[in-house]
Structures are given as structure tokens and as C-alpha cells.
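Just below is one structure, and these are the notes that go with it.
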Amino acid sequence: MPDWPAWLTALLFVTNLLSLATLYVVTRRMLKLRRRKKREFVFSSYPVRKVKLEDVAPCFRMTRYGPSPESEVRFIGGEGVVASLTDRESWIMAALAKGAKRIFEFGTCSGKTAHVFALNAAPDAEIHTLTLHPDDLAETKFGLGDDREHRDIAAAESSFETFFYNGLPTEKKVSQIFSDSKSYDEEPLRGSVDLVFIDGAHTRSYVESDTRKALNMLKEEGVIMWHDYKPEAPDVFAFLNDLSKTFPLVHIAETDLVMYRRVTPSRA
Ligand SMILES: C[S@@+](CC[C@H](N)C(=O)[O-])C[C@H]1O[C@@H](n2cnc3c(N)ncnc32)[C@H](O)[C@@H]1O
């Protein structure tokens with residue numbers, strides 16, 4: 001211990017104490033704000049306009065017996081599958097896949113949804129699905145403001161090297177891409193994709209970049225779907241709320257899915 005005067009030691013002690021107290025107060029305040037933000041939408045509706053399933057596509061029209069036969073699909077339940085869609089969400093995605101010739105998925109994970117797309121799409125359809133290889137975690141380019149919790153989740157979910165569809169007849173329709181989504185060059189698919197599913201890294205800079213690429217790949221009359229529109233995925237939630245000010249997005253009732261359909265100007 002250096003031979004400091006007692007007053008200097010006391011001053012250092014008090015300064016440290018004050019710094020710790022400030023840190024404690026700021027952390028508490030931040031946690032409180034975060035909790036409040038999560039609760040904000042519990043009793044009020046979400047900003048993106050909610051629509052009934054019947055308004056999503058003609059195949060979901062209701063009959064006196066319930067959903068029409070055109071909404072029939074093949075799918076596997078989400079029980080026990082990592083980062084899976086709910087059964088209602090899988091049904092919707094599968095029904096939309098029936099009319100699609102080219103599908104692009106950001107975020108393969110187990111590959112269950114890619115398999116479901118392939119099960120339902122036309123025999124000559126192509127399913128392109130992109131994911132981060134577990135050995136390439138260092139290649140991610142998160143932005144400074146990206147949600148910390150979902151940065152960690154993105155890394156944890158990037159654990160698959162083989163997928164649900166491997167060895168199954170659906171495999172021949174699937175083109176597996178291993179890449180960080182920001183590094184992926186979507187130009188060769190420009191204007192050619194009927195259905196894009198955005199379910200990769202759930203952080204602001206990634207969902208923004210994936211959306212830009214999705215819009216570039218999208219065909220006229222094509223559809224983009226985003227998953228995890230909920231306050232618990234704060235970056236996705238805030239991004240879609242902002243985007244809905246300029247794009248006619250809809251939130252499908254009883255799901256975490258948000259949809260955009262590109263309409264040709266003559267039909268708008
Ligand atoms: C929520 S899971 C996708 C679930 C899948 N769509 C399904 O329905 O089964 C998120 C996926 O995004 C992938 N991912 C996370 N960060 C990524 C990145 N930076 N680039 C590409 N893929 C990423 C993860 O590897 C994981 O496969």
C-alpha cells in the first residue's frame with residue numbers, strides 16, 4: 001500500500017462507493033425500463049394491424065364446417081423441436097408453400113420448416129434455406145445496438161450441420177446454404193422468389209438486412225413472412241412496428257407471424 005495521506009485514501013474510498021452506488025441505481029433503472037417495455041403491450045393491441053386467417057389467402061376461407069379443403073397440408077407438429085413454429089403457424093406456412101415455385105428461408109435451425117415447405121410445394125419447387133454453420137459463429141457482424149439476449153440465442157440455435165430432411169425424399173427440393181446472412185449475395189435470385197420466410201438472427205441489424213435482401217428477391221405478388229413478432233423479441237417487434245408505417249404489413253391473429261404481400265401497381 002503506498003504511503004498516501006489519510007484524506008486521499010478516504011477520498012478514494014468515497015469516490016469508489018459513489019461509483020458503485022451510481023452503477024447500482026442505473027442498472028436497476030435499466031432493468032425496470034426493460035420490464036416496463038415488455039409489459040407495455042400486454043393490455044393494448046400491437047401496432048401492426050391484426051387480420052383474421054381468412055384474410056391471409058383464399059385457401060383459408062371458412063365454410064360451415066370450418067376451414068376449407070383448400071387449406072389441407074402435410075406437416076409435422078412442433079412438439080419438442082428447437083425454435084419451432086406452432087402448429088397453426090406451420091399450417092399457414094405449409095398452405096402458402098403449396099402455391100410457391102421458389103421459397104427462401106432465413107434461418108434453417110432443425111430444418112423442420114424447410115421439410116414442411118418441400119412436402120407441400122409443387123414437385124418442381126425449390127426451397128433455399130440459409131443458416132449459420134456452428135463453425136462460423138465468429139463471422140457474424142452484429143451491430144452495436146443489437147439486442148444482447150438474441151445475439152446469444154442466435155449463436156445457441158446455430159448448432160445444426162445436418163437437418164430434418166436429410167435422407168428423406170424432400171431433400172431433393174432443398175438447397176442448403178451455410179452463410180452469415182449479411183454476407184449472403186441474393187442478387188442471383190433477384191425478383192424470383194414467391195415466398196420468403198425471415199426467421200434468422202432476431203436482432204435489429206440482422207432483421208433489417210434480411211428484410212432488405214428479401215425485398216430484393218421477392219417476385220410480384222410474392223409474400224414475405226416474419227416470425228417472432230412479439231415484445232419478447234424486442235428488435236424484431238420494434239423493426240416491424242417501424243416498417244408498418246411505410247409497408248402494408250399485417251399480423252396474423254393467434255400467431256407471431258407478420259405478412260407482406262407485394263402487389264403489382266395495376267392491382268393495388
Ligand atoms: C429461430 S431459428 C429458425 C427456425 C426455423 N426457421 C424453423 O422454422 O424451424 C434461427 C436460425 O437462424 C440461424 N441464424 C442465426 N444467426 C444467423 C446469421 N447471422 N446468419 C444466418 N443464419 C443465422 C440460426 O442458425 C438458426 O438456424
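Residue indices begin at 1 and follow the sequence shown. On a predicted model such as this, the values are computed, not experimentally measured, just so you know. All ligand and atom numbering here is 1-based and tracks the order in the structure.
- Counting only heavy atoms of the protein, atom 24 (C) of ligand 1 lies nearest to Ser158 OG, 3.4 Å.
- Neither the backbone nor the side chain of Lys182 has any atom closer than 4.0 Å to an atom of ligand 1 (non-hydrogen atoms only).
- Considering only non-hydrogen protein atoms, atom 9 (O) of ligand 1 sits nearest to Thr113 OG1, 3.5 Å.
- For the pair Ser159 and ligand 1, no heavy-atom separation below 4.0 Å is found.
- Closest heavy-atom approach to atom 17 (C) of ligand 1 among the candidates Leu132, Asp199, Asp210: Leu132.
- Salt bridge present: Arg61 and Glu70 bring a charged side-chain N and a carboxylate O closer than 4.0 Å.
- Between His150 and His202, the two ring planes are parallel [angle under 30°; tilted spans 30° to 60°].
- Contact check for Gln176 versus Thr131: side-chain heavy atoms found under the 4.5 Å cut-off.
- One finds no salt bridge joining Arg49 and Asp55 here, because no Lys/Arg side-chain nitrogen approaches an Asp/Glu carboxylate oxygen to under 4.0 Å.
- Shown in contact with Gly200 at under 4.0 Å from a heavy atom are these atoms of ligand 1, numbered in order with element: 10 (C), 12 (O).
- A donor-acceptor contact closer than 3.5 angstrom is absent between the side chains of Asp210 and Tyr184.
- Between Lys182 and Ser205, the side chains place a donor N or O and an acceptor N or O closer than 3.5 Å (distance only, hydrogens not considered).
- Per-residue contacts place Leu130 under 4.0 angstrom from the following atoms of ligand 1 (heavy atoms of the residue considered): 21 (C).
- Using bins of under 30°, 30° to 60° and over 60° for the plane-to-plane angle, the ring pair Tyr165/Phe163 lands in the parallel bin.
- Protein heavy atom at the shortest distance from atom 1 (C) of ligand 1 is Glu157 OE1, 3.2 Å.
- The contact set between ligand 1 and Tyr206, taken as ligand atoms under 4.0 Å from a residue heavy atom, comprises 19 (N).
- Between Asp180 and ligand 1, at least one pair of N/O atoms sits closer than 3.5 Å.
- Atom CZ in Phe160 sits 11.5 Å away from atom CG in Asn166 (nearest 0.5 Å).
- Close N/O approach between Ser181 and ligand 1 is found [any backbone or side-chain N/O within under 3.5 Å].
- Considering backbone and side-chain N/O of Gly107, one or more are found under 3.5 Å from N/O of ligand 1.
- At least one N or O atom of Thr131 sits closer than 3.5 Å to an N or O atom of ligand 1.
- The aromatic ring centroids of Phe237 and Tyr229 lie less than 6.0 Å from each other.
- Counting atoms of ligand 1 from 1 in the listed order, those under 4.0 Å from a heavy atom of Ala154 are 15 (C), 16 (N).
- Of the polar atoms of Phe197, none of the N or O atoms is found under 3.5 Å from an N or O of ligand 1, judged by distance alone.
- Counting atoms of ligand 1 from 1 in the listed order, those under 4.0 Å from a heavy atom of Ser179 are 20 (N), 21 (C).
- Few gaps surround CD on Glu220; more than 12 heavy atoms of other groups in view lie less than 6.0 Å from it.
- Just one of Lys173, Lys172, Lys101, Arg102 meets the salt bridge (charged side-chain N to carboxylate O under 4.0 Å, His left out) condition when paired with Asp124; it is Lys101.
- Ligand 1 has no N or O atom lying under 3.5 Å from any N or O atom of Ser84, backbone or side chain.
- Scanning Ala156, Ala201, Ala114, Ser183 for the heavy atom closest to atom 15 (C) of ligand 1 points to Ala201.
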